[in-house]
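Here is the naming used below: chain letters follow the sequence lines, and residue numbers restart at 1 for every chain.
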Amino acid sequence: MPAATATAAVDPARVHAHLIKSSSDDRALYNKLITLYSRSSATIPDALRLFHRLPFAPTPVSWTAAVSALSSDPVAAVRLFLSMLRGPCRPTQATLSSLLKSLSLSSPPLLSAALQLHSLSLKLALSRLPFSGTALVAFYSKARHPSDALKAFDDLPHKDEVCYAAAIVGMAQNRRPTCALSLFAAMRAAGVASTVFSVSGALRAVAHLAALEQARVVHAHAIVAGLEPDLVVSTALVDAYGKSGLVSDARMVFDALLPDANLVTWNAMLSGYAQQGDSESTVKLFDEMLERKIAPDDFSFLAVLTAWSNAGLVAVFLGGTLEDCREFYHGFNGR
DNA sequence: GTAGGGTTAG
């Protein structure tokens with residue numbers, strides 16, 4: 001996280017003090033400062049206090065920075081957005097993207113608010129711009145409205161790699177793997193570069209389809225495009241190979257990235273073995289995971305149970321909690 | 001100066 005570290009290294013209060021002393025009214029710097037406050041160890045109230053005391057009338061950029069500072073509190077963000085609409089500033093695609101993302105982070109995503117933002121963005125001719133358009137695609141995907149996501153995507157006159165990635169991932173997330181893969185093919189046919197985002201999305205779709213040929217094709221593409229070293233791409237590869245029944249291929253990718261593997265990677269490898277009913281390899285890998293001090297979670301235990309179940313080792317296991325699984329596992333292995 | 005996209009299960 002070099003970006004976050006770099007941001008944290010700047011003390012917004014010092015910059016702020018300097019601005020006040022030099023009685024500067026550098027708008028760009030003040031707007032940047034709102035963002036700095038909201039992202040540093042300083043708090044959101046600090047960012048908002050600055051926004052309300054700017055030495056100039058807030059610009060659309062100031063408003064967007066403030067709305068964005070409130071992204072963890074969608075209702076507060078929408079309230080601030082409404083005060084913006086009461087004044088002379090009109091929202092830009094940046095404002096809408098930020099708000100839509102904030103609405104999507106709520107669980108469940110705030111659909112009715114997003115529909116109103118969509119409507120507003122149509123009136124302001126913002127829905128076909130790259131950032132707000134992509135934010136719509138992503139929002140509808142997260143809200144489990146894949147056909148609306150596709151409509152928003154189709155509406156985009158200039159499709160770049162980010163909106164393709166959003167659409168591919170969105171379809172994969174909504175269990176429309178064939179659609180996701182057609183979009184991936186369309187992206188490549190259009191000469192739009194693939195990214196770690198679109199490739200990991202395509203691999204998720206491959207995993208759902210258990211399409212072993214496609215797994216190899218996308219893997220080859222990832223290598224050629226130089227995206228294989230990415231941890232998420234590799235993890236998605238482990239999963240896609242595992243789901244396709246090519247566990248030894250999964251293991252090769254897994255071993256190659258082992259020092260960097262995270263919990264998700266381990267779980268993907270575990271469930272690959274588990275799906276085969278290879279309980280020996282599953283348990284062996286699980287123990288290796290414990291030795292490396294990686295704390296298993298629900299996914300890990302589920303994989304072990306699946307392995308036993310698929311190997312016919314467990315007749316019935318109903319209604320268990322994670323704790324039950326833990327006990328069961330330790331009991332089974334005699335410790 | 002503000003702003004959009006990622007992996008494990010079901």
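Contact annotation for Val169(A): backbone-only contact, meaning every heavy-atom pair under 4.0 Å involves sugar-phosphate atoms and none involves a base. Residue Val233(A) is classed as a base contact, given a heavy-atom separation below 4.0 Å to a base. Here Thr59(A) lies in heavy-atom contact (under 4.0 Å) with a base. Residue-level contact check: Ser271(A) touches neither bases nor backbone, having no heavy atom under 4.0 Å from any strand.
Using a 4.5 Å heavy-atom cutoff, the side chains of Leu111(A) and Tyr140(A) are in contact.
As rounded to whole Å, 12 Å separates atom C1' of dG4(B) from atom CG of Leu129(A). If you take CG of Leu285(A) and P of dT8(B), they are 18 Å apart, rounded to a whole angstrom. As a whole-Å value, the separation of Phe254(A) CZ from dT8(B) P is 16 Å. Between the CG atom of Asp239(A) and the C1' atom of dG6(B) there is a distance of 13 Å, rounded to whole Å. Rounded to whole Å, the distance from CG on Leu305(A) to P on dG10(B) is 12 Å. Protein atom CE of Met269(A) is 15 Å distant from nucleotide atom P of dT8(B), rounded to whole Å. The interatomic distance linking Gln93(A) (CD) with dA3(B) (C1') rounds to 7 Å, in whole Å. Spacing between atom CG of Leu48(A) and atom P of dT2(B) amounts to 17 Å, rounded to whole angstrom units.
The side chain of Ala28(A) lies closest to dG1(B) when the candidates are dG1(B), dG6(B), dG5(B). Residue Asp230(A) has its side chain nearest to dG6(B) when only dG6(B), dT7(B), dA9(B) are considered. Among the nucleotides dA9(B), dT7(B), dA3(B), the one closest to the side chain of Ser98(A) is dA3(B). Among the nucleotides dG4(B), dG1(B), dA3(B), the one closest to any side-chain atom of Thr64(A) is dA3(B).
Gln173(A) has a side-chain polar atom (N or O) that falls below the 4.0 Å cut-off from OP1 or OP2 of dG6(B). Contact between the side-chain N/O atoms of Arg204(A) and the OP1/OP2 oxygens of dT8(B) is found at a separation under 4.0 Å. Checking the phosphate oxygens (OP1, OP2) of dA3(B), no side-chain nitrogen or oxygen of Lys101(A) falls inside 4.0 Å. Regarding contacts with the backbone of dA9(B), a side-chain N or O of Lys243(A) is found under 4.0 angstrom from either OP1 or OP2. Contact check, Ser68(A) against dA3(B): a side-chain N or O comes under 4.0 Å of OP1 or OP2.
Side-chain contact of Thr265(A) with Thr235(A): a donor-acceptor pair under 3.5 Å is present, judged by distance alone. A donor-acceptor contact closer than 3.5 angstrom links the side chains of Thr64(A) and Thr95(A).
A salt bridge is absent between Asp239(A) and Arg204(A): the closest approach of a Lys/Arg side-chain nitrogen to an acidic carboxylate oxygen does not fall below 4.0 angstrom.
Remark: Tyr241(A) OH to Arg251(A) CZ distance equals 16.0 Å, nearest 0.5 Å.
No donor-acceptor contact under 3.5 Å links the side chain of Thr195(A) to the base of dG6(B). If you check distances only, the side chain of Asp26(A) never reaches the base of dG1(B) with a donor-acceptor pair under 3.5 Å. For Ser97(A) against dG4(B), no side-chain N or O and base N or O form a donor-acceptor pair under 3.5 Å.
By the 5.5 Å and 30° criteria, Phe197(A) is not stacked with the base of dG6(B).
Side-chain N or O atoms of Ser102(A) include none that pairs as donor or acceptor with a backbone N or O of Ser98(A) at under 3.5 Å.
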